[in-house]
Amino acid sequence: MAHPRYPHVFAPLDLGFTRLKNRILMGSMHTGLEDIDGGFERMAAFFAERARGGVGMIITGGIAPNHEGSGGGKLSTDAEAAQHRIVTEAVHAADPHVKIVLQILHAGPLAQTPACVAPSAIRSRIGRFVPNELDDDGIEKQLADFANCTAKARDAGYDGVEIIGSAGYLLSTFLVEKTNTRTDQWGGSFENRMRFPVEVIRRCRAAVGDDFIIVFRIPAMDMLEGGMSGEEVIQLAQAVEAAGATIISTHFTWHEAQVPTIATMVPRAAFAAVTGRIRQHVKVPMITSNRINMPDVAEAVLAAGHADLVSMARPMLADADLVNKAFEGREDEINTCIACNQACLDHTFTGRLTSCLVNPRACNETLMVVKPTAAPRDLAVVGAGPAGLAFAVEAAQRGHRLTIYEAGSEIGGQFNLAKRVPGKEEFHETLRYFNRMIEKLGITLKLNTRVDAAMLAAAGHDAVVVATGIRPRVPDLPGIDHAKAVPYIDAILGRKPIGRRVAIMGAGGIGFDVATLITHAGPSAAMDIPTFCREWGVDFVNHPRGGVTGVPISIERADREVVILQRRDGAPGKSLGRTTGWTHRLSLVRRGVKMIGGVDYRRIDDDGLHALVNGEPTLFAVDTVIICAGQEPERNLYDALVARGVTAHLIGGASEAAELDAKRAIAEATDLALAC
Ligand code: FAD
Ligand code: NAP
Ligand code: SF4
């Protein structure tokens, strides 16, 4: 019988020789576990938890078929296959109906080795090495290695492989002229350029026979100027189908492209219609992806006929039980991925293990074990910001009795400021999740209740967790109390008027968010696909080469002149996230925001902000100076509790404000809750 709420999501998919139990798969993500001692055991626990969580198919992080293709581990020997067996057995033991598929990732010119190879010796803008141009023998070796890796994957117990043919990795560099300048049978015409990826599929199919899943990830829109045209994408899809692919998955962008495709500023399911267009030209099932983070979005995409399967990658880091929760009608309990990239992709691209901002247990399942407490206690939490909320929910789930005291009228702390910034609308989901969990777990919530040490001592809790957050730093500067100086909280909440000419003092995350907010006009691009396309120069309708027009088509912005300042030398914005910082900088530059480093502030007066810029006296003749100069811990309550002998713990901003973000606040809170 069809599921009443998600009939398309929970319809099984018959692949002929096997069946997927539903239409949601966990997309491939590099976790870093592939490369560390004991990593396969941790990966097994990570994937098994997702298998128990109801997903139909899991695709592993990318594994190379040989040394020269390595962006991480490789699978080419029996010994390596034996390690992978730890993962496949754990997944099939968790649920024998869940398919686990190995992603074969040959990084081509992006491999972290001087032995890296490519169709032509052209260095990628983001690659470390000039790749070695493949000769005929080299091409034959790569093809044989793909086939061998596929056979080893089968030996290791995988149900299939996914071959990545996009993103700037080896296969995709054959497809476009910018990276393939060959004049032999592997270059030149598009038919020649797609010969290598198609031959890879043919060899892999021949190596394993018909009853093994082969997914091919196609560059459905590579976001490169001069990239693949819509017609070429369809031609490739048809050739891949004919060569033996079981499923075609759509991928958007190369890593070096300058259009955000998964950041929080990208609208949900923005790219699904592109998959839908290709789907009309092939018979094999198609997977769509990108910013599909809730079951209703997946259902809508499937119901619209855009795809046969929906890939959710980061949402499975955020909540391993997402699919079960949808099935059981508990979608309001889903801890939603907010597309921040802070603990997943930012970690991957800086050599750290992947995890998740809203779920620090992701990839740490064997280290952060949730056990019911043997000694339930009466615990108070002061402050309902991310730290206090995460602690309360984890501790209550373990069986402790929780009371949260919050001075404000709603839960969320600084997330209530963040959610007002265009492009950060997903932060509402985190607050929805916490509100629901408070209700479900019977946590006592006392809003509009600012507590002090005397009140808490009188209440007689067994222990108090102080999560009182921060106070904005007030720079010691003549004129800081002038009417032109506005603290960022007042600016974000609209409590004070902001003039037409504005200087923002401080270029951290908050300075950039404030600049985004005060230069914004019209609908938020994150909530409106046409606006997103206009702002980033994407053309979904005509699909020009790469899908991009080369320049933004139009950007609506407020009538304001804004300058962001910092004391440090150099360009502001360097502290922003590795994989998202460039999007914030670029979008502000396109709105005409200026950014200046090396500023020595002198005073604020009726004329504006006086400073030395690289030693030169400079007047920023502005109407408003918004102060975004960092934060100080709010820990008076903790000190007072300790003085009274009350058992107290400090977490989040209250513990240490320097370099505080929600990732650290939630991780610290979760660690404490699992330990107490
Ligand atoms: P807070 O969120 O500050 O919460 C503290 C709570 O304690 C408050 O609700 C306060 O009212 C309450 N409180 C204080 N004293 C008392 C008392 N005596 N009695 C009762 N209640 C009390 N971080 C990211 O990781 N990614 C982002 O994209 C991001 N964007 C941001 C955008 C903006 C505009 C802002 C302002 C912050 C952003 N942050 C972001 C930072 C993030 O929100 C903070 O790091 C996080 O909220 C800190 O959590 P916390 O629980 O320690 O403190
Ligand atoms: P921040 O990142 O520490 O930036 C503070 C800014 O103020 C810096 O530019 C700093 O640089 C300047 N500053 C520090 N002391 C100053 C002083 N006395 N006078 C004048 N300027 C001073 O902090 P934030 O912007 O307040 O953000 C708080 C936290 O929230 C951050 O740690 C961040 O991680 C998190 N957050 C993250 C995001 C995100 O998108 N990931 C968004 C918002 C906030 P100079 O000293 O060089 O001037
Ligand atoms: Fe999603 Fe952020 Fe978690 Fe990554 S870190 S999975 S983007 S919520």
Side-chain angles (χ1 to χ4, degrees), residues 357-358 360-361 367-416 430-431 434-435 437-438 441-473 630-676:
L357 178 142
V358 300
R361 284 192 67 250
L367 309 178
M368 299 174 78
V369 180
V370 186
K371 286 196 201 117
T373 176
R377 290 191 296 158
D378 170 7
L379 304 177
V381 175
V382 186
L389 292 167
F391 175 84
V393 166
E394 285 292 343
Q397 273 170 340
R398 295 192 53 222
H400 293 297
R401 294 181 301 283
L402 267 299
T403 304
I404 303 176
Y405 299 98
E406 167 54 49
S409 58
E410 57 185 338
I411 67 161
Q414 294 175 66
F415 266 32
N416 290 316
T430 307
L431 301 178
F434 278 124
N435 265 316
M437 296 313 283
I438 287 170
L441 296 167
I443 295 170
T444 304
L445 173 64
K446 294 182 183 285
L447 295 173
N448 302 305
T449 309
R450 179 172 290 281
V451 285
D452 58 24
M455 292 159 76
L456 289 164
H461 299 287
D462 293 329
V464 179
V465 174
V466 179
T468 43
I470 53 86
R471 9 173 224 284
R473 179 177 293 127
Q631 306 175 327
E632 308 280 358
E634 179 61 77
R635 58 196 297 175
N636 293 344
L637 176 65
Y638 175 78
D639 295 338
L641 287 169
V642 172
R644 281 175 179 263
V646 176
T647 305
H649 305 272
L650 257 185
I651 53 172
S655 154
E656 172 64 65
E659 299 191 0
L660 167 76
D661 59 10
K663 178 178 73 172
R664 203 192 83 208
I666 292 175
E668 261 178 38
T670 308
D671 280 341
L672 180 65
L674 296 182
C676 75

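Please read all numbers here as calculations on a predicted model, not as lab measurements.
Residues meeting the side-chain hydrogen bond (donor to acceptor under 3.5 Å, both in side chains) test with Glu656, sequence neighbours left out: none. Applying the side chain to side chain contact (heavy atoms under 4.5 Å, CB included) criterion to Pro472, with sequence neighbours excluded, gives Ile470, Tyr488, Ile489. Here Arg635 pairs with nothing under the side-chain hydrogen bond (donor to acceptor under 3.5 Å, both in side chains) rule; sequence neighbours left out. With sequence neighbours excluded, no residue satisfies salt bridge (charged side-chain N to carboxylate O under 4.0 Å, His left out) with Arg450.
Side-chain contact check for Gln631 versus Gln414: some heavy-atom pair is nearer than 4.5 Å. Residues Ser409 and Asn448 form a side-chain contact, since some pair of their non-hydrogen atoms from C-beta on lies under 4.5 Å apart. In this structure, the side chains of Asp462 and Thr647 stay at 4.5 Å or more apart for every pair of heavy atoms. In this structure, Ile651 and Val465 have side chains that are in contact, with non-hydrogen atoms separated by less than 4.5 Å.
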| Do Leu456 and Leu641 pass the side-chain contact (heavy atoms from CB on, under 4.5 Å) test, and can you show the C-alpha distance, the side-chain angles, and the key distance before you say yes or no? | CA-CA 8 Å; Leu456 289 164; Leu641 287 169; 4.0 Å; yes

| request: Give the intermediate values and the outcome of side-chain contact (heavy atoms from CB on, under 4.5 Å) for residues Lys663 and Val358. | output: CA-CA 7 Å; Lys663 178 178 73 172; Val358 300; over 6 Å; no

| Is there a side-chain contact (heavy atoms from CB on, under 4.5 Å) between Ile411 and Asn416 once you walk through the steps? | CA-CA 8 Å; Ile411 67 161; Asn416 290 316; over 6 Å; no

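Atom OG1 of Thr444 is separated from atom CD1 of Ile438 by 10.5 Å, given to the nearest 0.5 angstrom. Taken from CG in Asp671 to CD1 in Ile666, the straight-line distance is 12.0 Å, to the nearest 0.5 Å. A distance of 11.5 Å separates CG of Asn435 from OG1 of Thr430, quoted to the nearest 0.5 Å. In this structure, CD in Glu632 is found 12.5 Å from CG in Leu660, a value given to the nearest 0.5 Å.
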Which side-chain N or O atoms in residues 384-408 pair as donor and acceptor under 3.5 Å with protein atoms at least two apart or in another chain?
residue: Arg398; atom: NE; partner: Lys371; partner atom: O; Å: 2.6
residue: Arg398; atom: NH1; partner: Ala673; partner atom: O; Å: 2.8
residue: Arg398; atom: NH1; partner: Leu674; partner atom: O; Å: 3.3
residue: Arg398; atom: NH1; partner: Cys676; partner atom: O; Å: 2.5
residue: Arg398; atom: NH2; partner: Lys371; partner atom: O; Å: 3.4
residue: His400; atom: ND1; partner: Arg377; partner atom: N; Å: 3.0
residue: His400; atom: NE2; partner: Cys676; partner atom: O; Å: 3.2
residue: Tyr405; atom: OH; partner: His461; partner atom: NE2; Å: 2.8
residue: Glu406; atom: OE1; partner: Ala384; partner atom: N; Å: 2.7
residue: Glu406; atom: OE2; partner: Gly408; partner atom: N; Å: 2.6

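Contact detail for Leu637 and Thr468: the closest heavy-atom pair is CD2-CG2, 4.0 Å. Closest approach of Met368 to Pro360, counting heavy atoms only: SD-O, 3.5 Å. Shortest non-hydrogen contact noted between Arg664 and Gly652 is NH2-O, 3.5 Å.
Applying the ring-ring contact (aromatic ring centres under 6.0 Å, His included) rule to pairs touching residues 639-676 yields nothing, sequence neighbours excluded.
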